[in-house]
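Quick note: numbers below take in every heavy atom, side chains included, and nothing from hydrogens, waters or symmetry partners. Throughout, a chain's letter reflects where its sequence line sits, starting with A, and its residues are numbered from 1. Just so it is clear, the structure is predicted and the values come from calculations on it, not from any experiment.
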Protein chains: 2
Amino acid sequence: MNVSRDDASTWASWFRALGDPTRVLILNLLATSGRAMSVAEIVDAVDVGQSTVSHHLKILGDVGFVLVHREGTTSWWRMNEECLDCFPTAAELVMGRLPTAAPWDESGRGSTLSKKTSARSRR
Amino acid sequence: MNVSRDDASTWASWFRALGDPTRVLILNLLATSGRAMSVAEIVDAVDVGQSTVSHHLKILGDVGFVLVHREGTTSWWRMNEECLDCFPTAAELVMGRLPTAAPWDESGRGSTLSKKTSARSRR
DNA sequence: GAGCTAAATCGAATATCGTCGATGATAGAT
DNA sequence: ATCTATCATCGACGATATTCGATTTAGCTC
């Protein structure tokens with residue numbers, strides 16, 4: 001029934017990824033464009049340097065918000081729709097009703113190995 | 001159609017409030033207890049100093065997650081259920097479909113004055 | 001191979017954040 | 001009026017985060 005500090009840290013890190021304006025702009029760009037975009041395209045749209053964009057993409061990729069497909073020297077980044085669909089709400093977070101591994105993350109990037117802890121469907 | 005960096009900053013600040021383990025623990029405590037709690041009670045439950053708890057409560061209060069009622073020398077903090085109900089989802093955030101003032105905030109704490117920008121009801 | 005392009009990584013500067021201990025403010029009790 | 005309890009605020013510190021410019025890595029073309 002009680003939430004451990006470790007669990008709280010994991011969940012907080014998911015929301016922290018959404019806690020930076022540049023990352024919000026990047027996600028908005030990818031989500032509204034509805035397609036994969038190169039780093040250069042993103043740099044053009046968001047007003048920060050290339051290395052900064054790469055850095056934020058890595059953070060978003062670690063959490064599982066975005067997916068990347070390398071093709072030649074260019075990286076194609078796109079939204080992970082599955083993450084968008086089942087990302088926890090604030091209510092679920094504060095009620096402590098969350099798995100400790102990201103359910104949208106197929107590759108087990110999360111700390112603990114998941115494999116479909118709970119197949120949520122909302123909306 | 002485009003999201004400004006200012007809007008992105010505002011929205012990011014809301015999610016950043018959920019991006020710290022101690023704040024998640026505090027919110028979970030208040031939400032699951034279902035009642036108002038004093039600072040001392042919260043300090044007992046969350047393993048950090050009193051000044052730290054006060055600091056986090058201020059951050060949560062600024063965003064509108066928690067409400068306070070002073071009575072004598074003690075402050076009674078409780079969840080703002082309205083905020084919990086209509087806090088934006090990740091999908092709404094990245095699609096840029098959010099008001100620039102917090103809809104759960106009655107007192108107009110948010111940057112821009114709101115007055116019911118959109119009466120959402122979810123769940 | 002030489003040159004070019006795209007993006008990741010590195011190193012450093014700066015800013016922000018989380019935490020603590022100490023102090024200050026306020027209300028109640030003796 | 002003095003003491004006590006409760007909490008907010010202040011000042012400082014270390015740890016993180018954000019950003020930039022420079023460098024490196026990798027792929028493509030000639």
Would you check if B:E41 and B:W76 make a side-chain contact, meaning some heavy-atom pair closer than 4.5 Å?
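A side-chain contact under 4.5 Å exists here.
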
Are the side chains of A:W11 and A:V94 in touch, meaning some heavy atoms are under 4.5 Å apart?
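No, every pair of side-chain atoms sits at 4.5 Å or beyond.
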
For atom [atom1] of [X] and atom [atom2] of [N], their distance in whole Å:
X	N	atom1	atom2	answer
B:I59	C:dT19	CD1	P	9 Å
B:D47	C:dC20	CG	C1'	13 Å
A:I42	C:dA6	CD1	C1'	13 Å
A:D62	D:dA17	CG	C1'	15 Å
B:H55	D:dC13	NE2	C1'	14 Å
A:L60	D:dT18	CG	C1'	14 Å
A:M37	C:dA7	CE	P	11 Å
A:R70	D:dG27	CZ	P	11 Å

Under 4.0 Å between any heavy atoms, over every strand shown, what does [X] touch: base, sugar-phosphate, or nothing? Just pick one.
X	value
B:W77	sugar-phosphate
A:S75	sugar-phosphate
A:T74	sugar-phosphate
A:S51	base
B:H56	sugar-phosphate

Need to verify one output field. Residue with the more 5' nearest nucleotide on DNA chain D, A:D20 or A:G72?
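This one resolves to A:D20.
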
First encountered from the 5' end of DNA chain D, between A:G49 and A:E71:
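Residue closer to the 5' terminus by nearest nucleotide: A:G49.
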
Mind checking the [atom1]-[atom2] spacing from [X] to [Y]? Nearest 0.5 Å is all I need.
X	Y	atom1	atom2	answer
A:S4	B:N28	OG	CG	10.0 Å
A:D44	A:S38	CG	OG	8.0 Å
A:L30	A:L60	CG	CG	8.5 Å

Side chain of [X]: nearest nucleotide among [options]?
X	options	answer
A:T73	C:dT5, D:dT9, C:dT19	C:dT5
B:T22	D:dC20, D:dT19, C:dT19	C:dT19
B:V48	C:dC20, C:dG18, D:dT18	C:dC20
A:Q50	C:dA8, D:dA8, D:dA26	C:dA8
A:S54	D:dC20, D:dA17, C:dA8	C:dA8

Return no unless some side-chain N or O of A:R16 is found under 4.0 Å from OP1 or OP2 of D:dA17.
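Result: yes.
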
When you measure from the side chain of A:R16 to the backbone N and O of B:G19, does any donor-acceptor pair fall under 3.5 Å?
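Indeed, once roles are kept as given, a pair shorter than 3.5 Å links the two residues.
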
